[in-house]
There are 2 protein chains.
Amino acid sequence: MTEAASRPTLEAVAARAGVSRATVSRVVNGGEGVREPLVERVRQAVEELGYVPNQAARSLVTKRHDAVAVVIAEPEDRVFADPFFARQLRGISKELTAHDNQLVLLLTEGRDDHARVARYLAGGHVDGALVFSLHLDDPLPGLIQRAGVPTVFGGRPGWSDETLRAPYVDSDNRGGAREAVRHLAGLGRTRIAHITGPLDQTSAADRLDGYRDVVGDADPRLVVESDFTPVGGERAMRALLDRVPGLDAVFAANDLTAAGALRVLRERGRRVPDDVAVIGFDDMLPLAEQTDPPLTTVRQDIEEMGRLMARLLLHRLDPDTPATPDGDGAETNASTGVVLPTTLVRRASA
Amino acid sequence: MTEAASRPTLEAVAARAGVSRATVSRVVNGGEGVREPLVERVRQAVEELGYVPNQAARSLVTKRHDAVAVVIAEPEDRVFADPFFARQLRGISKELTAHDNQLVLLLTEGRDDHARVARYLAGGHVDGALVFSLHLDDPLPGLIQRAGVPTVFGGRPGWSDETLRAPYVDSDNRGGAREAVRHLAGLGRTRIAHITGPLDQTSAADRLDGYRDVVGDADPRLVVESDFTPVGGERAMRALLDRVPGLDAVFAANDLTAAGALRVLRERGRRVPDDVAVIGFDDMLPLAEQTDPPLTTVRQDIEEMGRLMARLLLHRLDPDTPATPDGDGAETNASTGVVLPTTLVRRASA
DNA sequence: TTGAAAGCGCTAACAA
DNA sequence: TTGTTAGCGCTTTCAA
């Protein structure tokens, strides 16, 4: 129904080359310990027959799949409004491809899918998993750990449970936030507000911590919790302006939020950056370049995060694979987490 | 190295339930023709042992993988600047999941990867493929067809070669463009310009055709080829304004381009929509809502496209699966193409 | 260095 | 309705 003419087997290649199946197998898998003339003959036969190994048969005996699952939990609209995952996927894909691994994508829509994913992973279909989970209370990571599949997480996991210590890759959310707020302070701003993301996400919580690292225990009215959306940003900005009319800077937890804030500031007649300086986070393009004025923001190297996650996982699966690239500035501790540096991108808003 | 304690096999379950492997197999695969008490006993054993079938062993004999490859050719930055693929993937994933199929993601970076993808598909690792290819001259689709894997394309394939007739899913680019331009004409605009996309992509070519369907052979200076980017849109808009200062409407081939055009219009002191009405294509959010003024545009149901692609493919793989949903307005001809309707979303720019 | 042979865990005739 | 058995295509001891 699905496969037309059956493909040639090892047997066929062996017959054609006049050798045993074992010899063909050796050649196909690297040719160690086979004399040159034979290698050549086998290669030729493989070529002529267009032989491609049957992965199922191979997996059956090796118990290896050369496949890795990428689990993206709850891809709400918010998630897809931003090319974040696409970029990570690209990084992951590049690294996996370079090491001949396949990428099995598992998207979950709410809790119903969790059992399905857990079962799949427990089923030993893949050698490992790369997991993105956004919320603190997400049960999926726990399920996955229990499934016993080697896993690397994307983003610092939020659980407090020490037994669930797991390797992860994240950007330096706290450091990036710190740099942004310091920049604002360096501009002479003294009443710096912060619009947070949903604080049940570690990225949002870490950015808030970075903000606090710099401003200390500033006026609590300068911090408003929001939700990473433009509309949320507008609402938060209005609240801030009502509470602290004299504020002179805003650090928004992401660019979408910053865009909303910018609109409200314009609507209220504040000039940016003259009256109020604004900094976002993500360097989400094209948005960040196209706000009015163009947004100063904290850039994270999303693709590299993906690449690194894959690299870490492959290293766990096969220690011959190098765990990290040669000195790219990442703070590395492969058994727990790897934190990638961020950079402040200066445009016109601050 | 990757799997710790070996998982229970059919054999083990059979022993525990006191039946033969065949019986367990039957129960696991639906339980047809097995008497109730036995079914129950087997279920129990499966439960107690935590048995999960070994997919490799199963594939080896069934020649089925219950897996579908999704091939995304050349994901340039442009592609990831927009949540298009993420949305399609979600639609595909939902449909595949509903039919217990896995999604193997194959991203290609340039030509080097084509051979790799072709080999993978030819290798019979998956039952079918869903392929996105953007450019007319892309050799990948040809390679894939030759690999003999059942395939459904995303977007109307651009090749003229009739032998490569293949099923595809696309939005009604031409019809959507027609509706947009008609809307502009209905507003009383008489000098309607069009900023095209890269014309080696069928979506761009089709939108241009739709424009021509309405304006006929209007002043050729009103059409400028661009590249789907904001910067390209700016450049195109400047050229248009220089050539035809009196134009009173612009239909941009996508929202990114429209955003660029909007900026140039503002910079040149034209009021939108009073002096010049502008319509985009895609309804890319949040961009389309956040331009100034918010963009009137043509929306396509991206997620549904993905879902439909998967449905079509699954139907080819197993005719029991319904090919199309019950009357959702799609123009259906499953052996060639399915074209999904678009809708005009009115905001403030036209 | 090469080959023979024993499975990997499962499904699908076929027989009982 | 249930069990027996013969492979699916490959890797991997073990002997030669």
Side-chain angles (χ1 to χ4, degrees), chain A residues 1-43 45-46 49-67 100 122-125 127, chain B residues 1-43 45-46 49-67 100 122-125 127:
Chain A
M1 179 167 300
T2 170
E3 209 73 339
S6 56
R7 303 185 292 111
T9 69
L10 251 203
E11 185 79 56
V13 177
R16 177 147 199 137
V19 298
S20 72
R21 270 151 50 200
T23 298
V24 177
S25 176
R26 288 181 190 116
V27 172
V28 168
N29 294 294
E32 292 298 285
V34 180
R35 241 188 281 272
E36 189 48 46
L38 271 202
V39 172
E40 205 35 62
R41 239 163 61 210
V42 171
R43 288 248 164 81
V46 165
L49 265 36
Y51 170 76
V52 185
N54 178 317
Q55 188 61 43
R58 177 180 277 175
S59 291
L60 188 53
V61 24
T62 61
K63 270 122 178 54
R64 255 283 200 167
H65 299 84
D66 294 319
D100 277 313
H125 300 280
D127 301 325
Chain B
M1 179 167 300
T2 172
E3 209 73 340
S6 56
R7 302 188 290 112
T9 69
L10 251 202
E11 184 79 57
V13 178
R16 175 148 201 137
V19 298
S20 73
R21 269 151 52 202
T23 297
V24 178
S25 176
R26 289 183 189 113
V27 172
V28 168
N29 293 293
E32 292 297 284
V34 180
R35 242 188 279 273
E36 189 47 46
L38 272 201
V39 172
E40 205 37 61
R41 237 162 64 208
V42 171
R43 288 247 164 82
V46 165
L49 264 37
Y51 170 76
V52 185
N54 179 319
Q55 187 61 43
R58 177 181 277 172
S59 291
L60 188 54
V61 23
T62 60
K63 270 120 177 55
R64 257 283 201 165
H65 298 84
D66 296 318
D100 276 312
H125 300 280
D127 301 325

TODO: Assign each of A/Leu10 and B/Val19 to its nearest nucleotide of DNA chain D by heavy atoms, then name whichever residue's nucleotide is nearer the 5' end.
DONE: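 Result of the comparison: B/Val19.
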
Out of [options], which has the shortest distance to the side chain of [X]?
X	options	answer
A/Val34	C/dT2, C/dA4, C/dC10	C/dT2
B/Val61	D/dT2, C/dC10, C/dC8	C/dC10
A/Thr23	D/dT4, C/dT2, D/dC10	C/dT2

Open item on the list: Tell me whether the side-chain N or O atoms of B/Arg21 pair up with the base of C/dT11 as donor and acceptor below 3.5 Å, since no angle test is needed here.
Closed with: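 Such a pair is found, so the answer is yes.
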
Open item on the list: Under 3.5 Å, is there any donor-acceptor pair linking the side chain of A/Arg26 to the base of C/dG3?
Closed with: yes

Does [X] place a side-chain N or O at less than 4.0 Å from the phosphate oxygens OP1/OP2 of [N]?
X	N	value
A/Lys63	C/dG9	yes
A/Asn29	D/dT11	yes
A/Ser20	C/dG3	yes
B/Ser25	C/dT11	yes
B/Arg35	D/dT1	no

Quickly work out the [X] [atom1] to [N] [atom2] distance and round it to whole Å.
X	N	atom1	atom2	answer
A/His65	C/dC8	NE2	P	16 Å
B/Glu11	C/dG7	CD	P	13 Å
A/Asn54	C/dC10	CG	C1'	13 Å
A/His125	C/dG9	NE2	P	15 Å
B/Gln55	C/dC8	CD	C1'	15 Å
A/Leu38	C/dG3	CG	P	7 Å
B/Leu60	D/dT11	CG	C1'	12 Å

Open item on the list: If we check side chain to side chain contact (heavy atoms under 4.5 Å, CB included) with A/Val39, which of these qualifies: A/Arg35, A/Arg41, A/Arg43?
Closed with: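 Going through the options one by one, the only one that passes is A/Arg43.
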
- [ ] Can you spot which of B/Thr23, B/Val28, B/Leu49 makes a side chain to side chain contact (heavy atoms under 4.5 Å, CB included) with B/Val13?
- [x] B/Leu49

- [ ] Would you name the heavy atoms of B/Gln55 and B/Arg64 that are closest together and state the gap between them?
- [x] NE2-O, 4.4 Å

Open item on the list: Within the supplied structure, the quantity of interest is the number of heavy atoms (other residues, nucleotides, ligands) at a distance under 6.0 Å from A/Glu32 CD; does it exceed 12?
Closed with: no

- [ ] Look up atom OG in A/Ser20 and atom CG in A/Leu38, then write down how far apart they are to the nearest 0.5 Å.
- [x] 9.0 Å

